[in-house]
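What follows is a set of notes on a single structure, which appears directly below.
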Amino acid sequence: MSIVFFDSGMGGITVLREALTLLPGQEFLYYADTGHVPYGKRTAEEVRSLVIRAVETIVQRERPRALVVACNTATSVAIESLRKISPFPVIGMEPAVKPALEHEKVSGRRVLVLATPLTLSQEKYSDLVSRLDSEGQVDSLPLPGLVDLVEQEDFRMDKARAYLQEAFSSLKREDYGTIVLGCTHFPFFKKEIASFFSPYADVIDGNKGTVLQLIRRLGPSPRAEREAPGPVVFMSSGDVDKDRGKFFRLMERYQGSR
Ligand code: DGL
């Protein structure tokens with residue numbers, strides 16, 4: 001049985017990477033819904049039914065040992081429905097607002113959450129912020145363009161920088177102490193985001209926290225299936241041969257960028 005990672009496209013790689021480090025020797029299957037990426041510009045109803053359809057496809061192949069929804073957008077609209085229909089542990093993601101606010105409690109500096117338009121428009125997100133942000137320190141900004149750049153494997157950094165420059169143009173960067181990457185595609189551009197806010201802010205994501213949660217849900221000392229990390233099985237809803245090539249190239253790029 002594999003631990004399954006699911007994302008709209010290639011963003012979940014940034015979470016899978018943590019799992020390969022923290023859970024060596026386990027079997028992993030990665031499913032990318034590349035036939036329908038990006039999710040962030042769709043409606044909640046559309047994404048919910050796409051996620052359920054994708055998980056049904058995965059389950060037809062094999063029953064997951066656990067399912068990691070390595071996508072903040074899919075989690076925000078579909079996690080409750082998924083938990084209802086899944087007889088295995090389902091681990092979701094949410095923007096790391098809590099650690100960010102804990103970090104900025106004393107400094108009183110602002111927190112900026114970057115995510116997809118759909119994640120930021122959901123009640124799940126506004127509830128999270130209103131529950132935690134008693135001092136009104138949190139701002140949010142959608143960055144859907146970064147998802148497209150990752151999916152197109154377009155890492156011309158002048159292009160990413162120009163996009164970010166424009167998106168951040170109304171912000172006073174010295175106001176911010178922590179930047180939260182609330183979309184799993186964004187860590188591919190962590191350095192570019194960090195350099196914009198440098199030397200004022202730290203950039204964080206919820207990837208390691210998600211994998212630690214997975215480990216808790218798997219229970220004590222999950223049995224290693226083999227000594228070394230095995231090849232990750234890749235599936236997608238798009239052109240699977242093309243997507244597989246892209247997946248392994250992006251795995252390597254992300255590993256090299258850290
Ligand atoms: N990687 C996804 C997330 O964490 C969604 C990107 C998209 O499909 O728009 O939100």
Side-chain angles (χ1 to χ4, degrees), residues 4-19 30-55 67-80 82 90-97 100 112-126 128-129 140-155 160 163-164 167 179-190 193 203-211 213-214 234-238 243 246-247 250-251 253-254 257:
V4 175
F5 277 68
F6 167 75
D7 182 42
S8 58
M10 302 297 166
I13 286 172
T14 67
V15 193
L16 176 64
R17 265 284 163 219
E18 298 287 350
Y30 187 98
Y31 186 96
D33 194 6
T34 48
H36 307 102
V37 67
Y39 279 177
K41 294 186 242 177
R42 293 177 182 273
T43 66
E45 291 68 33
E46 268 181 301
V47 172
R48 194 173 302 120
S49 64
L50 287 169
V51 171
I52 289 170
R53 207 198 302 164
V55 172
L67 171 71
V68 179
V69 183
C71 175
N72 293 262
T73 312
T75 300
S76 66
V77 300
I79 200 79
E80 277 88 18
L82 277 182
V90 178
I91 293 94
M93 300 196 69
E94 65 181 14
V97 175
L112 178 64
V113 179
L114 307 173
T116 67
L118 187 56
T119 298
L120 297 176
S121 71
Q122 291 306 293
E123 222 174 277
K124 201 168 170 36
Y125 178 69
S126 45
L128 176 77
V129 174
S140 351
L141 190 73
L143 291 178
L146 292 188
V147 176
D148 299 333
L149 292 179
V150 173
E151 293 301 315
Q152 292 156 8
E153 291 181 90
D154 187 347
F155 293 101
Y163 174 75
L164 291 171
I179 313 299
V180 177
L181 304 183
C183 168
T184 55
H185 282 73
F186 296 175
F188 278 99
F189 292 103
K190 184 172 179 174
I193 293 169
V203 180
I204 65 166
D205 61 56
N207 293 357
K208 190 168 178 190
T210 301
V211 174
Q213 174 67 1
L214 164 68
F234 178 83
M235 286 172 74
S236 81
S237 59
D243 290 343
K246 194 203 284 194
F247 172 77
L250 287 172
M251 285 267 281
R253 165 176 281 276
Y254 187 64
S257 75

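Keep in mind that what you see is a predicted model, and the values were worked out from it rather than measured. Counting starts at 1 for both ligands and their atoms, following the listed order.
Between S8 and ligand 1, a contact under 3.5 Å exists for at least one N or O pair. For ligand 1, one of its N or O atoms has an N or O atom of H185 under 3.5 Å away. Considering both main-chain and side-chain atoms, Y39 comes within under 3.5 Å of ligand 1 through a nitrogen or oxygen pair.
Atom OG in S8 sits 4.5 Å away from atom NE2 in H185 (nearest 0.5 Å).
Under the 3.5 Å distance criterion, the side-chain polar atoms of Y125 are left unmatched by any main-chain donor or acceptor of S76. Looking at T14, its side chain does come within 3.5 Å of a backbone N or O of T184 through a donor-acceptor pair. A donor-acceptor contact shorter than 3.5 Å links the side chain of E151 to the backbone of M10. Without hydrogens or angle criteria, N72 side chain to G182 main chain gives a donor-acceptor distance under 3.5 Å. In this structure, T34 contributes its side chain and G238 its backbone to a donor-acceptor pair below 3.5 Å.
Counting heavy atoms closer than 4.0 Å to ligand 1, residue T184 contributes atoms from both its backbone and its side chain. At a heavy-atom cutoff of 4.0 Å, ligand 1 is contacted by both the backbone and the side chain of N72.
Checking A74, G182, G40, G9 against atom 9 (O) of ligand 1, the nearest heavy atom belongs to G40.
Close contacts of ligand 1 with D7, meaning ligand atoms under 4.0 Å from a residue heavy atom, involve 1 (N), 2 (C).
Protein heavy atom in closest approach to atom 10 (O) of ligand 1: T73 OG1, 2.5 Å. Nearest protein heavy-atom neighbour of atom 2 (C) of ligand 1: C71 SG, 3.2 Å.
In this structure, Y39 and F6 have tilted ring planes: the angle between them lies in the 30° to 60° band.
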